[in-house]
Amino acid sequence: MTDPRRDLPRTDVVLADPRLVAAATAVGRDRVKQAVAERLAALRADPPTRAPDPAAVATDVLAALPPSGTSLRRVVNATGVVLHTNLGRAPLSPIAVRAVEQAAGFVDVEYDLVEGRRAPRGRGTLAALRRAVTAAGDVHVVNNGAAALLLATTALAAGREVVVSRGELVEIGDGFRLPDLITSTGARLREVGTTNRVTLDDYAAAIGPDTGCVLKVHPSNFRITGFTRSVGVEALSSLPAPVVADVGSGLLAPDPLLPDEPDVTSALRAGAAVVTCSGDKLLGGPQAGLLFGTAAVVQRLRRHPLARALRVDKLTLAAIEATLASPTPTHVSLHRDADELRRRCEELAAELRDRGVAGAEVVPSDGVVGGGGGPGVVLPGWAVAVDRSMAAPLRAGTPPVIGRVERGRCLLDLRCVAPDDDAAVADAVAAVGGR
Ligand SMILES: *Cc1c(COP(=O)(O)O)cnc(C)c1O
């Protein structure tokens, strides 16, 4: 009797398998080596009766390796939710993707190539943002929308009061609440009005020597209707305190499709001293927080010690600038023509029936903005409905296709699917439920 453990192939022999050599260029040599070591250790711990040959071990290792250096998987968003926080919010435009790749190496992010010395960080991106929002005197970029709000309220009101309506003290998701965020760096909240109603007089009565700023937050993920009243930025700007307006979603100018969604330009024109928003919501860019305002106030924000802790990297700066250059996938998904969606759905359903997917049919499907924007806005469109039992196997496929289970069926809404991906969706569904 020989011990099968002694006949196991050696690590370097398995690693020499051409398929693993190729995999190393995609996921890294160390990652492949580790996977081989893990596989051999498992075989030693639980030896089969006959030791596998090197090729068989390599096959097992390949199956266990991720397809690239990141464990993040590309997924197809067939949910009809344009900004799905769990799916990474806004997908970058192809131009932004190329910009990120270019910025990955050494770049002149903070360097003047003519003079050969330090230059203002991200100046090209800031110039592009100023061109996009001419109502702003200046602009600053931080990590995300929450960071933008934190910086604005800290710089203007640390040790003092932030006057804000009770109806706007919102939770932004995953248990994070704006009031906790604002008070975490030492500003105090001065709440005015009630949950459903607040007047300009309420604000005026709260303003005094201790006031740092007035805060106006767009309740972006819910809507209160009925007996309600709120005060707009324009009226608030008549008060003797700077107004910080958190518009949330990052619309730079009004969009007729989203009439109730506040935008940066309008808030500045209405007199806000600072307007904050996210980069990866309706702006359609990378995760970031943008602060627009008068030159003096933005300069103050930029010089605040907290600004250094909230600084963005070169990849983000590159992606933001490129995002401004063309309509984003987010914009395209929001504005998709319903008839065009229906035509694509009919083609997909017909192909699926041809390939033996029983019961695939076109049904009306309302898309939503999602991710903190346009609450209550309905985006009429179409989807292909398949059996609900297919939802889980579709999520497990390559690429995973994420549908929406509704009315007892799995709806595949093509609003957020690039037309180039329709064939991949057809293949994924046919692989799961076809003949
Ligand atoms: C989304 C949102 C935030 C938080 O922005 P992040 O980019 O997610 O940090 C803050 N305020 C409002 C009004 C929002 O809609």
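In what follows, residues are counted from 1 in the order of the sequence shown. Whatever order the structure lists them in is the order used to number ligands and atoms, beginning at 1.
The distance criterion of under 3.5 Å between nitrogen or oxygen atoms is not met by D280 with respect to ligand 1. Among the atoms of S249, none of the N or O lies under 3.5 angstrom from an N or O of ligand 1. Looking at G145 next to ligand 1, an N or O pair under 3.5 Å apart turns up. Between R89 and ligand 1, at least one N/O pair is under 3.5 Å apart. Every N/O-N/O distance between V247 and ligand 1 stays at or above 3.5 Å.
Separating the CD atom in E110 from the CG atom in L317 is a distance of 9.5 Å, to the nearest 0.5 Å.
Against a heavy-atom cut-off of under 4.0 Å, H218 is close to the following atoms of ligand 1: 13 (C). Near A146, with a cut-off below 4.0 Å to any heavy atom, the atoms of ligand 1 are 4 (C), 5 (O), 6 (P), 9 (O).
Looking at D246 and K216, no side-chain N of the basic residue comes within less than 4.0 Å of a carboxylate O on the acidic one, giving no salt bridge. Salt bridge D138/R302: present, at least one basic N to carboxylate O contact under 4.0 Å.
The heavy-atom pair separating L200 from A235 by the smallest distance is CD1-O, 3.6 Å. Of all non-hydrogen atoms in V192 and A206, the two that sit nearest each other are CG1-CB, 3.5 Å.
Here the options are V163, I207, D210, the test is side-chain contact (heavy atoms from CB on, under 4.5 Å), and the partner is R190; only V163 passes.
In this structure, K281 has a heavy atom closer than 4.0 Å to ligand 1. In this structure, D246 has a heavy atom closer than 4.0 Å to ligand 1.
Judged by distance alone, the side chain of R229 and the main-chain N or O of T199 form no donor-acceptor pair under 3.5 Å.
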